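Predicted model, so just to flag it, every value in this text is computed and none were measured.
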Amino acid sequence: MSVPTMNPAQMAAVQHLDSPCLVLAGAGSGKTRVITHKIARLLLPGDGADLAPSQIGAITFTNKAAAEMRDRVKALIGAKAASKLLVCTFHSLGVRLLREDGEALGLKPKFSILDSDDVTSILRDAGATTDAKLARSWQWQISLWKNMGLDSAAAISQAATDDEALTARIMKLYEERLLAYQAVDFDDLIGLPLRLLSEHPHVAQKWQRQLKHVLVDEYQDTNATQYELLKLLVGPQGIFTAVGDDDQSIYGWRGATLDNLKRLPQDYPNLKVIPLEQNYRSTSAILRAANNVIQLNPKLFPKTLWSDLGEGEPVKVAECDNEEHEAERAVGRLNAIHAGLVSSGQNADWHNFAILYRANHQARPFEQALRKANIPYKVSGGQSFFDRAEIKDLCAWLRLLLNNDDDPAFLRAVTTPKRGIGHQTLATLGEFAGKWKVSLFEALFAESLGSVLNQRALDGLHEFGRYINDFEYKARQTFGSEGAKEMLLAWLKDIGYEQHLHDNEENEKVAAARWSNVMDFIDWVAKRCGGDIDTDGGMTTETERRSVIEVAQTIALITSLAERDSDQNAVVLSTLHASKGLEWPHVVLAGVNEGVLPFSREEGEIPPGQIEEERRLMYVGITRARLSLSVSVLKRRKKGREYVQAVPSRFVAEMKLHEGAVREDPREKLRRLREEMAAKASARSALPDPTA
DNA sequence: AGCTTTCAACTTTTT
DNA sequence: GTTGAAAGCT
């Protein structure tokens, strides 16, 4: 995206410094540019700004967005100032608040962060069931309650059905477990800081003095607790900049609420609302389709996107017989554009193409067709690196180092790899620990443990405990990437982890792949221990040296490693949800049928609120495309072995593709084509472009 | 009855 | 590619 100068709306958003500001950033309207430039502006001396970098906080939803933001700011204000900014996710901000001031809530600074699998197994245990699906439904409900700001007591009193009452009771047990483990879940990373700031005004004041201006990205995705947290963070006179787009709110199902946008003008009467309506991404044909669809939703704030990138190619609707045919047609289209037969511009590389769909399982036929056509592709989403069993094994060990009271981590580490400590021993140990109200790790060294366990089990446990203590000591003393790597490799050797992988996997190739993941993980941890020479724009700096234990503290929040370069030039297959914030020159929207998009489980009417969110999803999909968009519709859908009639999505008609197309003046068209030819010619001649 | 095999279905997902 | 349910086998 190239924005030669800032447009008036963007400028207004950047220059507005003296009251809260809501930037309604339409798709592709240059919102990251606004945020980064506003940060730079806040650092300038004079009129209300003149802040130090450490007084500015920029909050995002994903680590990836935070990293991107930091990069973009760095390019603007330099690495030194950028490194002092607080650019982080809501959750890592929460971790920071809790590690610094969580003791006011009775939380030890070394608390553990549980991932979603840990939570599932705790709930299975607390609810006495082996049914993972049931446990996950509890987890889901509990998370929604927490996101609304309810604790178990509140949940118990407002439970409407028997199911909810049961879930609320299990939630109470769950809360008790977390407290005992000195562990928090992801929702607590918002909820507990909120409690911290509201119950301890001096802590709130400390942070309000620290952060003079907070910027929030993707504001429409905030949930009720995040809203309250933000409110407390900025304080009564707080000044902030919220950037978001009500039309791109697609996370209602996980607690995000547009109420947060509605409430903003009420809670902050001096709120300045600035819409960004110029789109720098898509052609007019694509934007018109997007606007036609989204205008059918009730509007919170009026906004119509426009662009001056020209009419462009018409949006295409491809009718397909079934899923396989759809995939073939999509691949055919990709090939045609790639060969330069259909669309002009940006077609040489496969990374210019994306196929988007509603649900993950729709990727399959496309994967097959792309493989058959020898086109490189990558499926976004799927299992993340840190969800792999081998990585979670190692993380459990690291978590246990950080927090000896983390019983779930203890159980995983003590049994992986197997070291002759079995169910029986652990059950006895657990009973003992429960009786004395201590953690499993503490119980291990108790004098009286010998009276309930045999000598062999006792020796095994003690050896494990001693190893953990020794390992913890080393992890504290080891700084810098080289030392860290050496230490971590020694650890893997000590516990025989490579052997463990081979023992537990029939397939040698799979075991080797797992081991290679482990090596990637070790390299990654070691690298974050720093002390390396980092060359950055000619500046040579030594990165900050950290101990292994410090690095381990940050792992729970991270979900993906940087992607490998080899994966880069590939067609992207992605869900619509995962595509938000991204763009591609050429996009295929797949399976745009009733029941799929909009999604519905059964036949029949879909409630209006749901349709609206599905419509926003369609809108997000359309606005990912820069130059060309093809919407494919199935005539028949596979259902079991038979095909059933499939109905095109209402959203296809809503695009109103046959209305309003501005027929290009033939003379205009000629002029445009000439310009394009000239542009191509000048790109070919190796002369440097004076305007570049 | 308890086990294995087969068959179909499959929301969206970050922290 | 995985999982849950239902049918089939011992």
Side-chain angles (χ1 to χ4, degrees), chain A residues 59-67 88-96 98 112-120 130-134 136-137 139-140 143-144 146-147 183-193 217-218 221-223 225-226 229 248-256 323 356-368 379-387 395 510 554-560 573-581 590-591 593-602 606 610 613-618 620-621 637-644:
Chain A
I59 307 178
T60 62
F61 273 85
T62 65
N63 289 307
K64 196 174 152 221
C88 64
T89 63
F90 264 106
H91 292 83
S92 44
L93 176 70
V95 172
R96 201 165 156 161
L98 292 179
S112 303
I113 300 164
L114 300 178
D115 70 26
S116 140
D117 281 358
D118 298 323
V119 173
T120 313
T130 51
D131 185 348
K133 217 172 185 180
L134 180 63
R136 247 171 284 150
S137 76
Q139 184 173 357
W140 177 256
S143 175
L144 280 179
K146 284 187 161 196
N147 286 164
V184 303
D185 64 22
F186 287 131
D187 303 318
D188 289 333
L189 292 178
I190 312 299
L192 291 177
D217 192 20
E218 305 283 12
D221 292 340
T222 53
N223 62 36
T225 49
Q226 283 159 339
L229 180 61
Q248 292 184 69
S249 161
I250 54 175
Y251 285 107
W253 50 275
R254 61 180 200 213
E323 286 88 344
L356 308 178
Y357 37 79
R358 175 64 227 258
N360 279 313
H361 68 263
Q362 293 174 265
R364 264 250 261 173
F366 291 102
E367 286 187 67
Q368 280 164 1
V379 185
S380 93
Q383 200 192 26
S384 108
F385 184 78
F386 285 86
D387 287 339
C395 285
V510 175
T554 64
I555 291 178
L557 289 177
I558 298 185
T559 49
S560 61
L573 299 184
S574 168
T575 62
L576 288 164
H577 282 92
S579 76
K580 186 156 71 98
N593 286 85
E594 284 294 308
V596 180
L597 178 67
F599 177 81
S600 67
R601 192 161 282 244
E602 296 106 25
I606 308 170
Q610 246 172 65
E613 183 147 322
E614 297 288 318
R615 187 175 280 124
R616 292 193 289 264
L617 210 43
M618 178 75 183
V620 166
R637 212 145 41 106
K638 239 192 208 140
K639 188 146 195 188
R641 213 172 282 133
E642 282 115 72
Y643 287 104
V644 297

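- A:Arg358 places no side-chain N or O within donor-acceptor distance of the main-chain N or O of A:Leu597, the cut-off being under 3.5 Å.
- Rounding to whole angstrom units, CZ of residue A:Phe186 and C1' of B:dT13 are separated by 11 Å.
- B:dT12: no Watson-Crick or G-U partner with both key distances under 3.5 Å is found in any strand.
- In this structure, A:His577 and A:Trp253 have perpendicular ring planes: the angle between them is above 60°, well past the 30° mark.
- Protein atom CD of A:Glu613 is 17 Å distant from nucleotide atom P of B:dT11, rounded to whole Å.
- The distance from atom CD1 of A:Ile250 to atom OG1 of A:Thr575, rounded to the nearest 0.5 Å, is 8.0 Å.
- Here the side chain of A:His577 is nearest to one of B:dT11, B:dT15, B:dT12, namely B:dT12.
- In this structure, CD of A:Glu323 is placed 12 Å from P of B:dA9, rounded to the nearest angstrom.
- Between A:Ser92 and B:dT15 there is no side-chain N or O to OP1 or OP2 distance below 4.0 Å.
- Put simply, the side chain of A:Ser137 gets close to the backbone of A:Leu134: a donor and an acceptor are under 3.5 Å apart.
- The aromatic rings of A:Tyr357 and A:Phe366 lie parallel to each other, with less than 30° between the two planes, well short of the 60° mark.
- Remark: C1' of B:dT15 and CG of A:Asn147 are 11 Å apart, rounded to the nearest angstrom.
- For the OP1/OP2 pair of B:dT11 and a distance below 4.0 Å, the side-chain nitrogens and oxygens of A:Asn360 include no atom meeting the criterion.
- Distance CG (A:Leu576) to P (B:dT11): 16 Å, rounded to an integer number of Å.
- Of the candidate nucleotides B:dT11, B:dT15, B:dT13, B:dT13 has the atom lying nearest to any side-chain atom of A:Trp140.
- Contact annotation for A:Glu218: no contact, since no heavy-atom pair falls under 4.0 Å across all strands.
- Ranking B:dT13, B:dT11, C:dG1 by closeness to the A:Ala578 side chain, first place goes to B:dT13.
- At whole-Å resolution of the value, CG in A:Asp117 and P in B:dT14 are 14 Å apart.
- You can call A:Trp253 stacked on the base of B:dT12; the centres are under 5.5 Å apart and the planes sit within 30°.
- As a whole-Å value, the separation of A:Ile190 CD1 from B:dT14 P is 16 Å.
- Between the CG atom of A:Asp185 and the CD1 atom of A:Ile190 there is a distance of 10.5 Å, given to the nearest 0.5 Å.
- In B:dT5 the O4'-C1'-N dihedral to the base is more than 90° from 0, which defines an anti nucleotide.
- By the stacking rule of 5.5 Å between ring centres and under 30° between planes, A:His361 stacks on the base of B:dC10.
- When the nucleotides C:dG1, B:dT15, B:dT12 are ranked by their closest atom to the side chain of A:Ala359, B:dT12 comes out on top.
- Distances were taken from every side-chain heavy atom of A:His91 (C-beta onward) to each of B:dT14, B:dT11, B:dT15; the shortest belongs to B:dT15.
- Counting to the nearest Å, the C1' atom of B:dT13 and the CG atom of A:Leu144 are 13 Å from each other.
- Listed nucleotides: B:dT11, B:dT13, C:dG1. Nearest to the side chain of A:Arg364: C:dG1.
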